[in-house]
Amino acid sequence: MKKKNYLKVLCFLCLLALLSGFAHENESLVNINKISVHPGKLNTKICLETNSPLTIANTYYAPESPSTIVIDLDEINTDKEPQIIQEKPSLVEEIKIKKTTARKLRLLIGLKERVPYRIFSDQQNTIIELNNIQRKQEEYLLEDETIEKLKKRTKSSIFLKKIDVSENSDRINIWANLSKQAISRVFALENPLRLVVDLFDTHYSDPLFVYTIKKLGIEKVRVAQFRISNPYTITRIVFDLTEPKFYTLNSKKNGLIVSFYKNKTFQTLPSSKPPSPKFQEPKPPPKKTVQTPDKPVEKEKKPTTTTPSDKKITGDRPVQEKPQEDQIQLQILSEPEEKYTGEILSLKFKDADLRDVVLYLGDFANLNVVFDPEVRGTVTCDLQDVPWDQALDIVLKINKMGKIIERNVLWIAPIVVLTREEEEIRRLKESKELAEPLLTRPFTLSYSKAGDVKALLSNKLSERGEIIVDNRTNTLIISDVKDRIELLEKLISIFDTPTPQVSIEARIVEATSNFIRNLGIQWGLRGIADPFYGNQTSLQFPHKILVDGALIPEGIVTKGIGGPLGGYAINLPAPVFTTALGLSFGNVLDTFRLDMAISALETSGQGQIISSPKITTQNNQQAEIIQGRQIPIQTIANFTVTTRYQNAALELRATPQITAEGTIIMYIEIRNDAADFANLVNGIPPIITQSAKTTVRVPDGGTTVIGGIYRTEDSITRQRVPFFHKIPILGNLFRSFARTKQNRELLIFITPRIIK
């Protein structure tokens, strides 16, 4: 009996342990309670309400359904199906949940169009933010959430020091190094596709910097000061994308990190607030720009100019990028102008000695300071939140002083002294050049003409330098000192590069249609009252009457159809006809006769001529192609016969220019001349001319219509008998009708392609 009780207790304990483990296992799984969609002005947010942070294993756009986002979730309680709440209209078409395993769910989000998106954690919720593509931005839009943040902020100046780019195995990180944490606004633009990040209350000293990446769907990164006050000071970061991408955005105290991931390789989520243990933020990249072995990340300074194509990119300060950036990588031969990148400080002095202020700044920057004996002056200033190197330049300029920094030594001297020092250094360099031995080196060019390159290099020679051109071998023979030879070699490596080629295909479609309808009538009568026939008039006078409608005498051919009596009283046949019907009525004695003929014609036709010339040319070089015939034209002057030939052909002349965005500007002239042999003049056909001349910008591989001519000819001819044609119904017997309608349409399609 005791043994049976022991077994019961043991079974009960095992069952209790099993139930406890099952309950503990369920507690570790994440429950998705509700999924809600919230449309906004700039972004559409999908909120996943959960009891604990989610673990996202993977996210990407589905290849089989390009407008569907796939998100794989791990450690999910799949027994409970979440409630889905969606506001209409919205960017989101539908949301589906698919159970893949006992603990894994797949979230499928169907969109109206592909857009950039990011995923971040917000307390117990996971937010999927879809960036609506802004097609028309007439005003600066702000989300309500951003407006609330701006109202609560403490206004202070934030400085963007620099942009660093680094590459990991699964992503590219772009780090904006800020002096403080900034409020950001994210949205997307089109043509081309761009992801824009605006940083509020942020200053950027340089007008424009461009970083070329060309990896993971990112063409380049651009940074510029978008707006100063009115009412916000905004620095804009623009990412040019080749396709909508998944990305993450992490705001930190010392900057902002934007990361773009490879497709189907995503492990952990960032958070807009301090992350939970399940989330891991990407670490900031090193302070120096990282260059990958296969293609270095370039940083280039651009002038600020206005172009229509970039107004959407930079807003108040549009810029012009360098030509052929995507095709030719420029080499930097000299260092860019120094910018202020020092640590931020505040200065407030009144009548302070200049040397003391400089010593303070040198100590702040860990520099050794050396003064020229003539350095003197005072400083009165109140500078708040400025870089230390900018503050140094300011206090030196107001005292007409200059500086030279060599390694960790700062040398301060009057500008006159520094100018004299530079002049002496220049003279010393020139004297060394005069004393140096001359070197002679040949440079054989492959892609450029030696004579053209010589003209570009002539002003880079020293006083003793010389360039000789060998046109036979296309070689430059340069004699100069060593330093000038090295500079000329770098320039030659830039000038002697292959020029990109463009294939231009034109399709000229000429469509014609015609319609002709002719309708005519001829009729006449003859009546005789004569005692000879026994049908006299029974009048005292006249005894005989003859009414004759056969007006055409015998032997003369009438137009239209000749009647039995030789002609018609009403002779209005169709101008051209293919169908005719004649009727003749008379009595037994042939004393009364009525003849009638109806003529008609209706024709219609359609035709299409397609010409497709194709030609390949180098960038900025005109190409010409002619296809057709030449018409000989003879002229006689002073008993001399002269023959000249007139082109009646299809002619295409095009000059392409490749732009920085990879588009093509084309200067095009097209003529489509044809001889009209149906209307000869002295045996010479006239020339029907169709031409178009224009300048257009077309995407690589895109097609544009550069010329279209639509011509309609509609003519109506009526012949009628005066007064009688107005009689209702019977008036049709006194008129003829002819109509000719012709349509002629010319369409010219141009498709340029850059030959890679």
Side-chain angles (χ1 to χ4, degrees), residues 116 159-168 171-178 182 184 186 188-189 192-199 202-226 234-243 245 247-250 254-262 282-305 309-310 312-315 317-341 659-662:
F159 294 91
L160 174 58
K161 302 176 183 178
K162 57 183 177 179
I163 296 289
D164 292 323
V165 180
S166 66
E167 182 178 359
N168 294 344
R171 63 181 177 266
I172 289 180
N173 299 321
I174 297 92
W175 181 37
N177 190 351
L178 302 171
S184 61
V186 185
L189 295 173
L193 179 63
R194 288 154 288 160
L195 184 70
V196 181
V197 180
D198 283 350
L199 303 176
T202 303
H203 296 269
Y204 186 64
S205 58
D206 195 79
L208 174 68
F209 271 97
V210 175
Y211 296 81
T212 302
I213 298 178
K214 288 186 174 294
K215 288 188 178 181
L216 299 188
I218 312 170
E219 283 289 325
K220 66 188 75 169
V221 182
R222 292 176 287 162
V223 186
Q225 187 74 53
F226 172 68
I234 299 172
T235 293
R236 173 164 289 185
I237 305 174
V238 180
F239 301 91
D240 288 0
L241 307 178
T242 58
E243 59 179 346
K245 298 286 296 183
Y247 69 96
T248 58
L249 187 145
N250 297 301
N254 61 342
L256 184 79
I257 300 176
V258 182
S259 301
F260 291 87
Y261 291 78
K262 293 181 180 178
K283 296 181 179 180
K287 289 187 177 181
K288 293 185 178 181
T289 303
V290 177
Q291 296 184 349
T292 57
D294 53 347
K295 182 183 289 185
V297 177
E298 297 182 3
K299 180 171 73 174
E300 299 163 11
K301 182 183 175 184
K302 302 284 191 298
T304 304
T305 57
S309 60
D310 259 355
K312 292 183 180 179
I313 298 176
T314 57
R317 300 185 65 180
V319 297
Q320 170 72 41
E321 298 183 4
K322 68 178 184 299
Q324 304 182 28
E325 178 189 72
D326 296 337
Q327 288 73 33
I328 302 176
Q329 300 295 334
L330 297 185
Q331 302 178 24
I332 299 177
L333 301 179
S334 60
E335 292 297 325
E337 182 183 354
E338 181 181 0
K339 296 299 172 185
Y340 300 121
T341 59
T659 67
E661 294 101 357

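All values reported here derive from a predicted model rather than from experimental measurement.
- Panel note: side chain Thr202, backbone Thr235; no donor-acceptor pair is recorded below 3.5 Å.
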* Stepwise side-chain contact (heavy atoms from CB on, under 4.5 Å) test for Val238 and Val221 -> CA-CA 6 Å; Val238 180; Val221 182; over 6 Å; no
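- In plain terms, the two heavy atoms of Gln225 and Ile234 that are nearest each other are NE2-O, 2.9 Å.
- Of all non-hydrogen atoms in Leu160 and Val223, the two that sit nearest each other are CD2-CG1, 3.6 Å.
- Going from atom CG of Leu249 over to atom OG of Ser259 covers 9.0 Å, rounded to the nearest 0.5 Å.
- Proximity of Phe239 to Tyr247: side-chain heavy atoms (C-beta onward) are nowhere separated by under 4.5 Å.
- Remark: Thr248 OG1 to Asn173 CG distance equals 7.5 Å, nearest 0.5 Å.
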* Stepwise side-chain contact (heavy atoms from CB on, under 4.5 Å) test for Phe260 and Ile213 -> CA-CA 12 Å; Phe260 291 87; Ile213 298 178; over 6 Å; no
* To do: Evaluate side-chain contact (heavy atoms from CB on, under 4.5 Å) for Leu199 paired with Phe226, printing each intermediate quantity in order.
  => CA-CA 10 Å; Leu199 303 176; Phe226 172 68; over 6 Å; no
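- Residue Tyr211 holds its OH atom at 14.0 Å from CD1 of Ile218, rounded to the nearest 0.5 Å.
- A 4.5 Å side-chain heavy-atom check between Asn254 and Trp175 finds at least one atom pair inside the cut-off.
- A distance of 10.0 Å separates NZ in Lys214 from CG in Asp240, rounded to the nearest 0.5 Å.
- Counting all heavy atoms, side chain and backbone alike, Val210 lies closest to Lys220 at CG1-CD, 4.0 Å.
- The distance from atom CG of Leu241 to atom CG of Leu216, rounded to the nearest 0.5 Å, is 11.0 Å.
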* Asked: Going through the distances and angles, do Leu193 and Glu243 end up as a side-chain contact (heavy atoms from CB on, under 4.5 Å)?
  -> CA-CA 7 Å; Leu193 179 63; Glu243 59 179 346; 5.5 Å; no
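- Rounding to the nearest 0.5 Å places CG of Leu256 at 6.5 Å from CG of Leu178.
- Closest heavy-atom contact between Lys245 and Tyr261: NZ-O, 3.4 Å.
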